[in-house]
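Below: one structure, written as structure tokens.
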Protein chains: 2
Amino acid sequence: MRMSEGVEWAVHCCLGIAWAPDDRALPAARLAAYYSLPAPYLNKQLQALTRAGILASTPGPRGGFRLARPLHAITLMDVVCAIEGTDPAFRCTEIRLNTPEGRATVDPGVPCAVDRAMNRAELAWRRELAGQTLADIHASVHPDVIAGARTHFTD
Amino acid sequence: MRMSEGVEWAVHCCLGIAWAPDDRALPAARLAAYYSLPAPYLNKQLQALTRAGILASTPGPRGGFRLARPLHAITLMDVVCAIEGTDPAFRCTEIRLNTPEGRATVDPGVPCAVDRAMNRAELAWRRELAGQTLADIHASVHPDVIAGARTHFTD
DNA sequence: GGCTCCCTACTCGGATAGTTGCTGTCCGAGTATGACTGG
DNA sequence: CCAGTCATACTCGGACAGCAACTATCCGAGTAGGGAGCC
């Protein structure tokens, strides 16, 4: 099980956009250059964030991305779902029904015990992600880093 | 992010092995036939469980797999780690250090805030997995299912 | 001088190849069983 | 009748293809801005 690298990029880029001046949108190319990331692929991730309603994009000259809502209203869960999708990591294929007596002895109304146990763990994971906002992460970043980003994005 | 399908197989097969008669080991082919799974690939998963010390294998005629320890001593975390590996799903690549001023402003001793937040969520997930044993799952399976499996494995 | 129109350049957006890891498969090494042979 | 030996068949174990998803990339649609031309 491996989370897409785009999630890390997405979180960092949301913070970078928050640190940029508010008066104008931040182009994807600028973000890519700042974090030394491949620009076209980063663009793809930012598009996903836009579709999820986390970012707002404006095309044309002086266009780019800006936050659709403040940092404290964006949870890590939002970002992860935007990039990775909403499907659960564990997907029960109901192999208990494939047993010789499966369809006779198993009550389809009762969910698979394995599935329930996995979902319980995944719920704890999601709950923890939903409990942390980008503002929380922002608060634990050293001010010098934020100041450095701001100057690089002001230009 | 998607968990390997082998995890589901592994948990169900551990239960199946537990339900089989204790006097002899259960061959992988028998398990595969019972759950309608591809035998060679299931064998691969069982090998992983053996390497992790969850199962014990005996080659030769009347050989097969049996539990290396009782159900209550096997957690879901054990099974997931055996199949998926121990690497965390989120792997921080420290892109914060790739910024122009990154190596100057970021203190390498302070961990990445994004990484810490993700690890916190993943820890909650692992904690929940470690808190559930196969005995717990076994307890919530209908007795008829267990009886059916036992007869099919006794033969 | 001011307004309108057009052209340019810039940006996002989705459609298109490359690569890694999971899925599925196969055959060889090793061993307990059972039969056979000799005492 | 019993013990030793051998052949056999069965099982796990690791090495080998196929496929899907992630990674990386490109080019086209759309738009704001600036300049030229006209009134």
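The sequence lines fix the lettering, A, B, ..., with proteins before strands; numbering per chain opens at 1. What you see below is based on every heavy atom in this structure, not just the backbone, and it leaves out hydrogens, waters and symmetry mates.
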Minimum-distance nucleotide to Pro61(B) side chain [options: dC12(D), dG33(D), dC10(D)]: dC10(D)
Residue mapping more 5' on DNA chain D - nearest nucleotide basis, Pro59(B) or Met1(B): Pro59(B)
Heavy atoms from other residues, nucleotides or ligands near CZ of Arg62(B) exceed 12 (cutoff 6.0 Å): no
Sugar-phosphate, base or nothing in reach of Ala28(B), heavy atoms under 4.0 Å: sugar-phosphate
Any donor-acceptor N or O pair under 3.5 Å, side chains Thr75(B), Gln132(B): no
Phe65(B) side chain, from C-beta outward: closest of dT11(C), dG21(C), dG13(D): dG13(D)
Listed nucleotide nearest any side-chain atom of Asn43(B), set dG13(D), dC10(C), dT23(C): dG13(D)
Of the listed nucleotides dG13(D), dG14(C), dT31(C), the one nearest the side chain of Gln47(B): dG13(D)
Euclidean distance, atom CZ of residue Arg2(A) to atom P of dT20(C) [Å, nearest integer]: 11 Å
Closest nucleotide among dT23(C), dG13(D), dC12(C) to the Ser4(B) side chain: dT23(C)
Verdict with reasoning, Arg96(B) to His12(A), per side-chain contact (heavy atoms from CB on, under 4.5 Å): CA-CA 8 Å; Arg96(B) 61 176 182 158; His12(A) 280 281; 4.1 Å; yes
Nucleotide dC12(C), atom C1' - distance to CG of Leu46(A) in whole Å: 10 Å
Contact check, side chains of Leu76(A) and Val7(A), non-hydrogen atoms, under 4.5 Å: no
Gap between atoms CG and C1', on Leu49(A) and dC12(C) respectively (whole Å): 14 Å
From dT23(C), dG14(D), dC10(D), nucleotide with atom closest to Glu5(B) side chain: dT23(C)
Met3(B) CE - dG21(C) P separation (whole Å): 18 Å
Touch class at under 4.0 angstrom, heavy-atom based, for Pro38(B) against every strand present: sugar-phosphate
Length of the line joining Lys44(A):NZ and dT23(D):C1', which is rounded to integer Å: 9 Å
Atom-to-atom span, CD1 of Ile83(B) to P of dG21(C) - whole angstrom: 18 Å
With Ile17(B), the side chain to side chain contact (heavy atoms under 4.5 Å, CB included) member among Ile54(B), Leu31(B), Leu71(B): Leu31(B)
Any Tyr41(B) side-chain nitrogen or oxygen under 4.0 Å from OP1 or OP2 of dT25(C): no
Minimum-distance nucleotide to Arg51(A) side chain [options: dC26(D), dC12(C), dG14(C)]: dG14(C)
Residue met sooner reading DNA chain C from 5', once Gly63(A) and Gly60(B) are mapped to nucleotides: Gly63(A)
Atom pair distance, as rounded to whole Å: CZ in Arg24(A) and C1' in dC10(C): 14 Å
Parallel, tilted or perpendicular: rings of Tyr41(A) and Trp9(A) (30°, 60°): perpendicular
Atom pair distance, as rounded to whole Å: CG in Leu42(B) and C1' in dG13(D): 14 Å
Nucleotide nearest Ser57(B) (side chain, heavy atoms from C-beta), chosen from dA9(D), dG13(D), dG13(C): dG13(D)
